[in-house]
> 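This is the structure I have questions about; it appears just below.
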Amino acid sequence: MKIGIFSTPSEASAKAAELVIAEFQAGATNFGVATGSTPDLLYQNLRRAHQLGTFTLEGKRAFALDEYIGISKDHPESYRNVLRRALVGDERTGLREADLHTPEGTTADPHQAARDYDRSIAAAGGIDLQILGIGADGHIGFNEPCGDMHSRTHIDALTDQTITDNARFFGGDPGAVPTHCITQGLGTIMEARQILLLAFGANKARAVMEMVEGPMSARWPATVLQNHSNVTVLLDEDAAANLQLRELHQKRWEMQQ
Ligand code: GLP
């Protein structure tokens, strides 16, 4: 893992945008996109680059990590709608609606939808660059603790912590947050050729420490990334606060720049 520590989320997101733009200039086709607040500034930077003509997702494909089960297609917080607002159209990043792929959360058979989604990623040739955030409980995508570390796209239940954390998107009401989701599995995520994980804020500090320095364990699902050979982690100071080997991470980061 390459660990970059920045003063602010804004600086870390500018670096993230630089890395994404370089990958697409070098021929990347399939973009794995995360939701949540963390990638907001990255997407803002990508929209700006699109306006300036230095970046486009036109003719590329984007695959979401996850979707809530049972959320209405019109709900503004369905991940499809969140990603549509962030990325789709000429006034955003040039991504075409038909090229935005999200798991089907409203179908009668979500297990089949999960299998279909996994196959659609493979059929497209796999993810070139996957953006990840991290949950305070160490989840990536919506792979909550103590699941299968090799899982494919599947149904999961959300922890109380995740429901509480995500209530801010649902008028502050935990009861309004869907309780289940379809998520790319840890095995699916691990097949991405390159992974860029962003984490900001003190409430991510424990999960970040476990992911970077802890033993690999299903208790902290993001630790599976220790076994991937091309992961870049971009942190702000608050999210990096619990790292014990900070100096070593920084020396390695400087060597790689
Ligand atoms: C969400 C998403 C994840 C995201 C994480 C952190 O619930 N399913 O993809 O990375 O939890 O969210 P945030 O960036 O809002 O802190």
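For ligands, and for the atoms within them, numbers begin at 1 and follow the listed sequence.
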> Would you call Arg193-Asp128 a salt bridge at under 4.0 Å N-O?
yes

> If you measure every N or O of Asp66 against every N or O of ligand 1, does any of those distances drop under 3.5 Å?
yes

> So, Phe63 versus His101, ring centres under 6.0 angstrom or not?
yes

> If you measure from the Lys or Arg side-chain nitrogens to the Asp or Glu carboxylate oxygens, is any gap between Arg80 and Glu104 under 4.0 Å?
no

> Atom 4 (C) of ligand 1: which protein heavy atom is closest, and how many Å away?
Thr35 O, 4.0 Å

> Which of the numbered atoms in ligand 1 are under 4.0 angstrom from any heavy atom belonging to Lys204?
6 (C), 13 (P), 16 (O)

> What are the two closest non-hydrogen atoms of Asn143 and Leu186, and how far apart are they?
OD1-N, 3.5 Å

> To check your reading of the model: name the closest protein heavy atom to atom 6 (C) of ligand 1, its residue, and the distance in Å.
Ile134 O, 3.5 Å

> For ligand 1, which part of Asn166 has a heavy atom less than 4.0 Å away: the side chain, the backbone, both, or neither?
side chain

> Does Phe169, backbone or side chain, put an N or O under 3.5 Å from an N or O of ligand 1?
no

> At the 4.0 Å heavy-atom cut-off, does Tyr79 count as touching ligand 1?
yes

> In chain order, what residues pass the salt bridge (Lys or Arg N to Asp or Glu O under 4.0 Å) check against Glu18, with sequence neighbours excluded?
Lys15

> Can Asp99 and Arg96 be counted as an ion pair, charged N to O under 4.0 angstrom?
yes

> What atoms in ligand 1 come closer than 4.0 Å to a heavy atom of Thr38?
13 (P), 14 (O), 16 (O)

> Considering heavy atoms of the protein only, find what lies nearest to atom 11 (O) of ligand 1 and give residue, atom and distance to 0.1 Å.
His139 NE2, 2.9 Å

> Between the candidates Gly36, Gly141, Cys181, which shows the shortest non-hydrogen contact distance to atom 9 (O) of ligand 1?
Gly141

> If you measure from each non-hydrogen atom of Arg168 to ligand 1, which part falls under 4.0 Å: side chain, backbone, both or neither?
side chain

> Below 4.0 angstrom from a heavy atom of Gly133, which ligand 1 atoms are there? Numbered from 1 as shown, please.
10 (O)

> Are Arg252 and Glu247 close enough for a salt bridge, meaning some N to O gap below 4.0 Å?
no

> Less than 4.0 Å between a side-chain N and a carboxylate O, is that true for Arg152 and Glu191?
yes

